[in-house]
Q: 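Okay, handing you the structure first.
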Amino acid sequence: MITEEIKNKLRAIVGSEYVLDSEIDRFGYSYDSSFVQFSESNQPDVIVRPANTKEVSAVMSLASSMGIPVTARGTSSGRTGGSIPVSGGIALSLTRMDKIIEFDERNMMVTVGPGMRTMELYNHCAEKGLFYPPDPASWKYSTIGGNIAENAGGMRAVKYGVTNNYVMGLEVVLADGSVIRTGGKAIKNVTGYNLTQLFVGSEGTLGIVTEIVLRLIPMPAARNTMQLMFPDIEQACGTIHAMLQSGLVPAAAELMDHTSIQAVARHRSLNIDPAIGACVIIEIDGEDDAALQKQASGIEETARRFSAIEVRTAANQAESDDIWSIRRGLSSAVGAMAPNRFGEDISVPRDAFPDMVRRIRDISEKYSLTIAVYGHAGDGNLHPSVLCDMSNPEHAGKVHTAIGEIFDAALQVGGTLSGEHGIGITKRSYTEKALGTAGIEAHKAIKAALDPKGILNPGKIWEQPVKEGN
Amino acid sequence: MAEMKKLLIDAAAIARECDRCGNCTTVCPLYGEIDIESSAARGKNNLTLGLAAGVVKASPALLKAANFCLLCRTCAENCPTKVRTDEVMIALRQHLTDELGGLTAKYRMLGTIMKTRPLVKLAAFSMAVMRFLHINRFVPRGLVPNENRRSSFTAAYAGPALLGQPVVPWESTIAHDSRVAYFHGCGMDMMFPDAAGSSIKLLEKTAPGKIQDLANKCCGLIHLAHGMRNDFIDLAKENIRLYENTDIIVTDCASCSSTLKHTAQYFEDDPEWRDRAEEFSSKVMDITEYLTRAGYRPQQREGVRLTFHEPCHLGRGQGLRSQPRELLKSAGEYVEMTGADVCCGGSGSFHLDYPEVSERMLEKKRGNIEKTGAAIVVTECPACLARMQKASRDSNGKFIAMHISQVI
Ligand SMILES: Cc1cc2nc3c(=O)[nH]c(=O)nc-3n(C[C@H](O)[C@H](O)[C@H](O)COP(=O)(O)OP(=O)(O)OC[C@H]3O[C@@H](n4cnc5c(N)ncnc54)[C@H](O)[C@@H]3O)c2cc1C
Ligand code: SF4
Ligand code: SF4
């Protein structure tokens, strides 16, 4: 419980307009884009919306002195319950800290507040001819802070890497309210531990990120999109491997299986030939149209060798946008197929992709559950979505067993539980299996060192006894 | 657990399509003003689901959150799963009004007036009566004082432009023996009689001497939107009956045309009325849609710069975007403003319930109008027009506001 006295202190820090505690608001900050069930125990006692680092620091020192849990929140587009305040306390909403703090064109770096939306950052840089490549499908609404905390990936990871590849430095408010700066604009930097990368992907459990220095690259001058259709997944994966091996690295290579394709067809009232078993959407970029032409014909030639049914190269921007909108809307289209959807986010070595898909198909048959599979084929990150109806006791009984088997299969082929969505609460029961006991202990030691009172986003990543705030 | 009411079940069924992605937070005009979860569609849909799941209680605060929605559909248009949040909110308002009992006196009074044609007429004739009934507070501000008249428009701008040129024959796709009726919008009659008169004259041009003018009832939007569904149904039935012998029902109020077109969906479960409602809704046309289909073109092009505020119920509500703009392009020098389709904040009585938010939205709108340098902002819904008049006053007369029928 947070007393009125504490709330008044919070109001004094951020302004009373930015402290919310009505029943309606507490409910509104109790869920994210994972389908964790609503529950009163997931509601924060109070929502606090700081405007700057100073305010965050003051909130943290108050929380630390009172032992109040604090859960950072971007826009709650997270898929694993990361921003759900499972221990109550303070939901720290960072969306007001959404400004570009510095745009350093000469060094090609930008410093931003954590609340800025990913796409806004991209657009801002693009206007100046610079490129911020990480593009999670949620980029229109996710925040950079959330991207950092989950080490978000995107379609362009195959060529350009994920969020952590662009983070040069951070300003972080620690659990006790002290403020540290990690890394910086120097490209070579080995002074001390690489704390920057420790905070990236830490899901708000080690500190509150309040400023981010990102490196940018020149914007590729030309870009185009291709859509390849295959009779099945094997040929699609074969094409991608052959491409990468021959040095044809696309900026993105997104794969969808039969179920996913039909989900899109249904969602957009399209007729798609049921003989098509797999679709790959490819982005190519380069310095000019000639470079694109060359890549496109190389890709087409490879695809034909793997018996592609159809190869389409976008003729203009509108066609390109149209092809991409299929991919961006895919998650929602698949979600619309059934009352409940459990979307997973496993990541496997690239060459294990077809094997993994096969294993998922076996699991789908074994439990007679529809499982749509799509993902970033270029980097081995796939999203199996188990479609079911949890109000049907028959489904409810077996869904989690099936998901457990998917995770097991991923570990068996040398992969991991999460490629980009993080662990949050929805996958924490599997963490120990993935990291091993010693691995978990190392995590706990780091957590205890940085957050001895365990007030930062408690209950996430691995299963732990939840500390009571008082 | 108490038996869950059908309205809530239906609302939750729509809300369940929400993927909780948060895309709506980037487009909802209310989130643009107050950026907290309950403002945008994600918050509203999940409150509905929370209520259905028993985690959120039915309360006046919840009703207030449900009322904090412009029903503008911007979220739905941009939503990856096209969740119809406006419908969810209409149903939730009704459900809560039923549950909590007690409609606020203000909505009840407004509903009664709009339901009773003579009162609407009375209101149109006498501001004094409205003040006496205290309804002037509930009808959009900027009510009676200064409707701009078509005659003054023609007088001020009539140039030699196209005068005297041969009139191009109209290419109409409307069957020439169609029975066409003008549907009186309450807001148009009460606040903008000159514009309503201009609309009838336009219709007369397309079918001289043949326009039916029946004593229609209110379209019922205000009742539907504020928890008076039974009144909405009663009104709809009367209108359905009234227009049995009409082929095309034309109205110059975007909110009416949109509501009348959507009326059929509220009779889906009523075997007695379903087909009649279906037929009724299919007869409805907005005036810009009708004029376009009838091949009408403004008779003269004025040298005046015009811009258009697109009512939510016209563009997103009915997909009518090009029709009004094409008409305006032949009527004057047309300039598109930034964010023409962004809600002006006038939605129903929203601006009375949330004056500050509505005011800020209107400020943005005014800025965008001023940037076009237009002398006239044109729109096609009395609620919007009243807001545009307010914007015109706030701009110290940099532009005036008129209904589309007055300038084409
Ligand atoms: C339709 C859809 C598609 C998606 N596609 C992708 C995809 O392609 N790739 C991908 O990687 N993800 C994807 N996601 C998941 C999600 O968008 C990302 O995880 C995103 O990074 C979350 O950002 P957010 O601002 O919404 O963070 P939130 O969900 O609000 O928070 C996520 C985590 O970050 C922590 N956090 C937030 N801000 C801070 C901060 N400033 N300091 C410390 N901790 C913080 C929170 O405590 C929480 O643990 C998708 C989600 C949806 C709904
Ligand atoms: S955009 Fe649509 S699906 Fe996404 S949160 Fe909003 S209403 Fe839900
Ligand atoms: S209908 Fe309009 S105001 Fe209501 S939630 Fe959707 S976008 Fe926001």
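Since we're looking at a predicted model, the values are computed, not measured. Quick note on labels: first sequence line is chain A, next is B, and so on, each numbered from 1.
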Q: Keeping A:S33 on the side-chain end and B:D19 on the backbone end, is there a donor-acceptor pair under 3.5 Å?
A: yes
Q: Chain A heavy atoms under 4.5 Å from B:K57: which part of the residue, side chain, backbone, both or neither?
A: both
Q: Select one option (side chain, backbone, both, neither) describing which atoms of A:L20 are under 4.5 Å from chain B's heavy atoms.
A: side chain
Q: In terms of heavy-atom proximity below 4.5 Å to chain B, should A:S138 be classed as side chain, backbone, both, or neither?
A: neither
Q: For the interface with chain B, which of A:R341, A:R96, A:R79, A:E120 has the highest count of heavy-atom pairs at distances below 4.5 Å?
A: A:R79
Q: Mark yes or no for whether B:R20, through its side chain, and A:F35, through its backbone, hold a donor-acceptor pair below 3.5 Å.
A: no
Q: Can you tell me which portion of B:C18 sits under 4.5 Å from chain A's heavy atoms? Options are side chain, backbone, both or neither.
A: backbone
Q: So B:R42 and A:T75, side-chain hydrogen bond (donor to acceptor under 3.5 Å, both in side chains) or not? Walk me through it.
A: CA-CA 11 Å; B:R42 178 172 68 179; A:T75 41; 5.9 Å; no
Q: Considering non-hydrogen atoms only, spot the tightest contact between B:C21 and A:S77 and give its length.
A: O-CB, 3.6 Å
Q: Considering residues, nucleotides and ligands other than B:E278, do more than 12 of their heavy atoms fall under 6.0 Å from its CD?
A: no
Q: So which of B:N46, B:L47, B:L49, B:T81 has the largest heavy-atom pair count under 4.5 angstrom toward chain A?
A: B:N46
Q: Can you check whether B:L62 reaches A:E23 side chain to side chain, under 4.5 Å on heavy atoms?
A: no
Q: Count the heavy atoms of every other residue, nucleotide or ligand shown that sit under 6.0 Å from NZ of B:K82, and state whether that count exceeds 12.
A: yes
Q: Can we say B:E37 and A:R73 salt-bridge, meaning some charged N sits less than 4.0 Å from an Asp/Glu carboxylate O?
A: yes
Q: For A:F38 and B:V55, work out which heavy atoms get closest and say how close.
A: CB-CG2, 3.8 Å
Q: Which bit of A:R26 is near chain B, if near means a heavy-atom gap under 4.5 Å: side chain, backbone, both or neither?
A: neither
Q: Checking A:S76 against chain B: side chain, backbone, both or neither under 4.5 Å from a heavy atom?
A: both
Q: Going by heavy atoms in the side chains, are B:T25 and A:R117 under 4.5 Å from each other?
A: yes
Q: Using heavy-atom distances under 4.5 Å, tell me whether A:Q43 contacts chain B through its side chain, its backbone, both, or neither.
A: side chain
Q: When rounded to the nearest 0.5 angstrom, what distance separates OG1 in A:T95 from OH in B:Y31?
A: 5.0 Å
Q: Between B:G50, B:S38, B:C24, which residue shows the highest count of heavy-atom pairs closer than 4.5 Å to chain A?
A: B:G50
Q: Salt bridge or not for A:R49 and B:D35, using N-O below 4.0 Å?
A: yes
Q: Within a radius of less than 6.0 Å around CD of B:E336, do more than 12 heavy atoms belonging to other residues, nucleotides or ligands occur?
A: yes
Q: Can you tell me how far NZ of A:K140 sits from OG1 of B:T26, rounded to the nearest 0.5 angstrom?
A: 6.0 Å
